[in-house]
There are 2 protein chains.
Amino acid sequence: MNSDQGAAAGMLLSERIRLALADDITTGALAPGTQLDEQQLGDRFGASRTPVREALRQLAAEGLVEMRPRRGAVVAVLTTERVFEMFELSAEIEALCVRLAAWRMTPVERSALRRIHEESAYAVMRGDVDEYDRLNWRFHDAIYEGTHNAYIVEQAKALRERMAAFRRAQLRQGGRPERSRHEHGELVEAVMRGDGEQAAKLMRAHMFNASGALESFARLLPGAD
Amino acid sequence: MNSDQGAAAGMLLSERIRLALADDITTGALAPGTQLDEQQLGDRFGASRTPVREALRQLAAEGLVEMRPRRGAVVAVLTTERVFEMFELSAEIEALCVRLAAWRMTPVERSALRRIHEESAYAVMRGDVDEYDRLNWRFHDAIYEGTHNAYIVEQAKALRERMAAFRRAQLRQGGRPERSRHEHGELVEAVMRGDGEQAAKLMRAHMFNASGALESFARLLPGAD
DNA sequence: ATCGGCAATCGTGTATGCAAATCTTCCTTT
DNA sequence: AAAGGAAGATTTGCATACACGATTGCCGAT
């Protein structure tokens, strides 16, 4: 379980704790349902309870931990149902973004999107999953930005962040990068044509296809409730 | 400027402060850009800085206040551009909800939606804007719930809450309730037919028509930037 | 007179202390 | 032996105290 790796110096202590905890939760180092004792976390970070409390409040607002008044914080436990609900919204937001992007992207943005897609061909060929993962993120980022709506970009990124834990294993499963890239290709074409509705349809299908990892993840969750 | 009205007893102090501040901000009692001094707020609520800080952190996560490290918190100032961006997402989320609702609502839910719509006829006749406002909220709530996706319901309500300040004057402008109810009628029909795509189109138009108040609101905002 | 630098002041960030609420454990009672 | 309850322990919520960074006002220099 890491303690403070990554950017640190000059940053607020509560902020460092927040980032470290967020990382531990999304990577799964802190399992859902884990009790988060303030004093104990303070010891771990060499801090008092005060910055820990602030970090926990922040994480609660992000939905990563759940706070019961006077009963402490626990790592948010997500029912399978809720994960699917989050995933559905995520897919719809992505579809919404690409629909707007197909209508609004500048020629420069469109060719930048195509360039990212072309670059990913090498990663797939070499079987470099990490590299494809990065390019995949950049691809979706480019689509967010293409909406020309900074608020939507923020919300889309925040939602994706919250889903990070579930997407992590996503591309690891057999044949995913190849298929993912093929779907990206179709998306690029629709965006190039400015066909927003078609792009949205393709994106929903793309997200749904990518949801395979969700089902395997679902098995890790408490079966009941 | 209210201090503590509403639910109070038994609730956490920081929670009470959070709710009171959120109310003051959305009603406009605390103008955008106002510096929020921790000590001063503590005095106002008869509390120390600690619960005030926790409330401010929470509000920052909701987007109602902005926190600059070591420089304190201010009521979030929204540029006209940002308000329009928020509004666009809001409209798209509403459209998304009604599209899903049209496909998924049970017969009971559909008739409940129609009943709310019929009830609103009286409010319009009597010119009771407050009552129509309430029914309008219930109408949109019913659509959210119709998605059968609790996460989407939460997010939609949270977004609407953030927009509350801008919608407040919305229905006050001439002829709005009549027109709004007419548009609701078309929406109900599309939902009844299960025509999600058409319902989504109508909802976008409905939200866009309702955006008139935004333009008048825009004049209240700092013109530059 | 204006600009740059320095110091005092103010406010936030963090630590610590105290009280109330919750949880635990052990004892009593049926 | 099991259930209920009371006392102790633990933990959160809030208050107070301290330290550092930022802002502001003043003073001197140009």
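Everything quoted here is computed from the prediction, not taken from an experiment. Numbered from 1 within each chain, the chains take letters A, B, ... in sequence-line order.
- Look at CG on A/Leu12: it is 11 Å from C1' on D/dG21, rounded to the nearest Å.
- Backbone-only engagement by B/Leu36 is indicated by non-hydrogen atom pairs under 4.0 Å involving sugar-phosphate atoms exclusively.
- Atoms CE (A/Met11) and C1' (C/dG13) sit 15 Å apart, rounded to a whole Å.
- Between A/Glu54 and A/Arg57 there is no salt bridge, since no side-chain nitrogen of the basic residue lies less than 4.0 Å from a carboxylate oxygen of the acidic one.
- Between the CD atom of A/Gln58 and the C1' atom of C/dG13 there is a distance of 14 Å, rounded to whole Å.
- In this structure, the side chains of B/Glu38 and B/Leu56 come closer than 4.5 Å at one or more pairs of heavy atoms.
- Using a 4.5 Å cut-off on side-chain heavy atoms (C-beta onward), B/Arg68 and B/Val74 make contact.
- Screening B/Arg16, B/Arg44, B/Gln58 for a side-chain contact (heavy atoms from CB on, under 4.5 Å) involving B/Leu21 leaves a single residue, B/Arg44.
- Ranking D/dG13, D/dA15, C/dT12 by closeness to the A/Glu38 side chain, first place goes to D/dG13.
- At whole-Å resolution of the value, CD in B/Gln39 and P in C/dT9 are 18 Å apart.
- In this structure, the CG atom of B/Leu13 is 14 Å from the C1' atom of C/dA20, given to the nearest Å.
- Nucleotide C/dT14 holds its C1' atom 11 Å from the CZ atom of B/Arg57, rounded to whole Å.
- Nearest-nucleotide assignment on DNA chain D puts the 5′-proximal partner with A/Gly72, out of A/Gly72 and A/Thr50.
- By the 6.0 Å contact criterion, CZ on A/Arg114 is open, its count of non-hydrogen atoms from other residues, nucleotides or ligands being 12 or less.
- Judged by atom type and distance alone, B/Arg49 reaches the base of C/dG13 through a side-chain donor-acceptor pair under 3.5 Å.
- Distances were taken from every side-chain heavy atom of B/Arg70 (C-beta onward) to each of C/dT22, C/dT12, C/dT16; the shortest belongs to C/dT12.
- Note on B/Ser14: every side-chain N or O is 4.0 Å or more away from OP1 and OP2 of D/dG13.
- Spacing between atom CZ of B/Arg71 and atom P of C/dT12 amounts to 11 Å, rounded to whole angstrom units.
- When each of A/Asp37 and B/Gly46 is assigned the nucleotide of DNA chain D with its nearest heavy atom, A/Asp37 is the one assigned upstream, toward the 5' end.
- Taking atom CZ of B/Arg53 as the reference point, atom P of C/dT12 lies 8 Å away to the nearest angstrom.
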